[in-house]
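Just so it is clear, the values below take in all heavy atoms, side chains as well, and ignore hydrogens, waters and symmetry mates. First listed ligand is number 1; within each ligand, the first listed atom is number 1.
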Amino acid sequence: MKVTPTAIADVLVIEPRVFGDARGFFMESFNQQAFNEVTGTCLDFVQDNHSRSSRGVLRGLHYQLDPHAQGKLVRVTSGAVFDVAVDIRQGSGTFGKWVGVELTAENHKQLWIPPGFAHGFVVLSETADFLYKTTAYYAPQSDRGILWNDPQIGIRWPDLGMEFVLSDKDTRQPLLKDAEVFAAR
Ligand SMILES: Cc1cn([C@H]2C[C@H](O)[C@@H](COP(=O)(O)OP(=O)(O)O[C@H]3O[C@H](C)C(=O)[C@H](O)[C@H]3O)O2)c(=O)[nH]c1=O
C-alpha cells in the first residue's frame, strides 16, 4: 500500500498493492488494520455507498455536521473523476483550502477524507462508478453543503467544455462564509 500526503494534513492518497496477472488483477481494496496504520486512526466504517454518474455530473460539496460527521474513503471502479476535499474545520491552518485528485479505475487511487471536510467530485469519463466507505451513518437532518464554485475556496475544476450537471439542491448550496462549519478538532 502506498500513501501520499496532500497539501492538507490528514487528507491522504492511498494506493493499494495491485497483483496483476494474465487473468487481470487482484487487490485488497480495503483492509482495516492497514488503514488504521497508515492513517493513524482507529475509525470504523459503517456504511458503503455507490453512485453512478455521467460525464460532467458534479456532486458536492457535501458534509454532515457533528455528531454525524463522516470520514470518507473514496474510489472509482469504472471511469474517472476529479475528487475534491475542502477543509472546513474552524481554527485549522488550512481552513477553506482544497485539494483535488484524479481517481480512476485504472490508477486505483483512493482518497481518505477525515471528518471535518466538505467533499465533492466531477465526472471526467462518459460514466463513472464512485464507491466510498463512511465512518458514520447517513443522517439527512445533519446533511449540509457548500456551493461548488464558491470564489472564497476557488476550486480549479477541470474544464470539460460543458456546463456541469448538478442536482437542484447543489445549485442552491450556501457560500462557505454562510455555512455551518466544524468546531476545531
Ligand atoms: C448520501 C446518501 C443519500 N441517500 C439518498 C438521499 C437521496 O434520496 C438520494 C440521493 O442523495 P444525494 O442527492 O444527496 O446524493 P449525492 O449528491 O451523491 O450525495 C453524496 O455526494 C457527495 C459526493 C458526498 O460526499 C456525500 O456522500 C453525499 O452527500 O440518496 C441515502 O439514502 N443515503 C446516503 O448516504
Side-chain angles (χ1 to χ4, degrees), residues 6 8 10-14 29-30 35 39 41 43-89 92 94 96-105 109-150 153 155-158 160 162-176 178-182 185:
T6 67
I8 297 178
D10 306 327
V11 178
L12 302 171
V13 178
I14 296 175
S29 53
F30 176 72
F35 174 83
T39 60
T41 65
L43 293 168
D44 292 327
F45 291 92
V46 297
Q47 186 174 313
D48 280 353
N49 296 331
H50 180 170
S51 67
R52 176 173 294 167
S53 309
S54 307
R55 185 171 186 273
V57 166
L58 189 153
R59 296 178 186 251
L61 301 163
H62 301 160
Y63 58 100
Q64 294 189 166
L65 290 174
D66 285 328
H68 305 287
Q70 294 174 312
K72 297 169 186 170
L73 181 61
V74 306
R75 69 190 180 111
V76 167
T77 56
S78 77
V81 309
F82 181 71
D83 199 72
V84 172
V86 182
D87 187 349
I88 55 172
R89 302 168 297 181
S92 162
T94 48
K97 301 297 183 199
W98 64 278
V99 289
V101 183
E102 189 168 325
L103 307 177
T104 78
K109 286 184 179 180
Q110 304 179 6
L111 193 62
W112 164 238
I113 305 160
F117 286 76
H119 171 246
F121 65 88
V122 67
V123 176
L124 307 173
S125 49
E126 280 315 300
T127 61
D129 282 89
F130 190 84
L131 279 64
Y132 54 114
K133 307 176 81 66
T134 65
T135 60
Y137 292 108
Y138 177 54
Q141 75 282 7
S142 72
D143 196 33
R144 297 291 186 279
I146 294 170
L147 194 64
W148 66 281
N149 59 351
D150 183 337
I153 302 171
I155 297 170
R156 291 191 305 280
W157 297 99
L160 301 183
M162 61 181 286
E163 290 271 310
F164 291 154
V165 178
L166 291 90
S167 66
D168 182 51
K169 173 183 78 169
D170 286 347
T171 61
R172 295 182 281 106
Q173 298 289 7
L175 297 174
L176 174 59
D178 301 319
E180 294 174 86
V181 294
F182 291 93
R185 300 180 96 78

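On a distance-only criterion, Arg59 and ligand 1 share at least one N/O pair closer than 3.5 Å. Not a single N or O atom of Asp143, backbone or side chain, sits closer than 3.5 Å to an N or O atom of ligand 1.
At a heavy-atom cutoff of 4.0 Å, ligand 1 is contacted by no atom of Phe130, backbone or side chain.
The distance from ligand 1 to the heavy atoms of Phe121 drops below 4.0 Å at these ligand atoms: 23 (C). Close contacts of ligand 1 with His119, meaning ligand atoms under 4.0 Å from a residue heavy atom, involve 23 (C), 24 (C), 25 (O). Applying the 4.0 Å criterion to heavy atoms of Gln47 picks out, from ligand 1, the atoms 34 (C), 35 (O).
When Gln70, His50, Lys72, Arg52 are ranked by how near their heavy atoms come to atom 24 (C) of ligand 1, first place goes to Lys72.
Taking 4.5 Å as the limit, every side-chain heavy atom of Val86 sits out of range of all side-chain heavy atoms of Tyr63. Contact annotation: the side chain of Ser29 approaches that of Gln110 to within less than 4.5 Å [non-hydrogen atoms, C-beta and beyond]. Between Val11 and Leu111, some side-chain heavy-atom pair lies under the 4.5 Å cut-off.
Looking only at heavy atoms of the protein, atom 27 (O) of ligand 1 is closest to Tyr132 OH, 2.7 Å. Annotation: atom 14 (O) of ligand 1 to nearest protein heavy atom, Lys169 NZ, 3.1 Å. For atom 6 (C) of ligand 1, the nearest non-hydrogen atom of the protein is Tyr138 OH, 3.4 Å. Counting protein heavy atoms only, atom 17 (O) of ligand 1 is closest to His62 CE1, 3.3 Å.
Counting heavy atoms of neighbouring residues, nucleotides and ligands inside a 6.0 Å radius, atom CZ of Arg52 does not exceed 12 of them. The local environment of CD in Gln141 is crowded, with over 12 non-hydrogen atoms from other residues, nucleotides or ligands closer than 6.0 Å.
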Show, in sequence, the C-alpha distance, side-chain angles and deciding distance for Leu12 and Thr6, and conclude whether the side-chain contact (heavy atoms from CB on, under 4.5 Å) test is met. CA-CA 6 Å; Leu12 302 171; Thr6 67; 5.9 Å; no
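Within a 4.0 Å radius of atom 20 (C) of ligand 1, the protein contributes at least one heavy atom. The protein does not reach atom 11 (O) of ligand 1 closely, with no heavy atom under 4.0 angstrom from it. The protein does not reach atom 8 (O) of ligand 1 closely, with no heavy atom under 4.0 angstrom from it.
The aromatic rings of Phe121 and Phe130 lie parallel to each other, with less than 30° between the two planes, well short of the 60° mark.
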Solution key, residues 70-82 side-chain donor-acceptor pairs under 3.5 Å, sequence neighbours excluded:
| from | atom 1 | to | atom 2 | distance (Å) |
| --- | --- | --- | --- | --- |
| Gln70 | NE2 | Ala136 | O | 2.9 |
| Ser78 | OG | Asp129 | N | 3.3 |
| Ser78 | OG | Asp129 | OD1 | 2.7 |

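The shell of residues lying under 4.0 angstrom from ligand 1, judged by heavy atoms, excludes Tyr137.
Between the side chain of Asp83 and the backbone N or O of Leu103, no donor-acceptor pair lies under 3.5 Å.
Ion pairing of Asp143 with Lys169 is present here, as a side-chain N (NZ or NE/NH1/NH2) and a carboxylate O approach within less than 4.0 Å.
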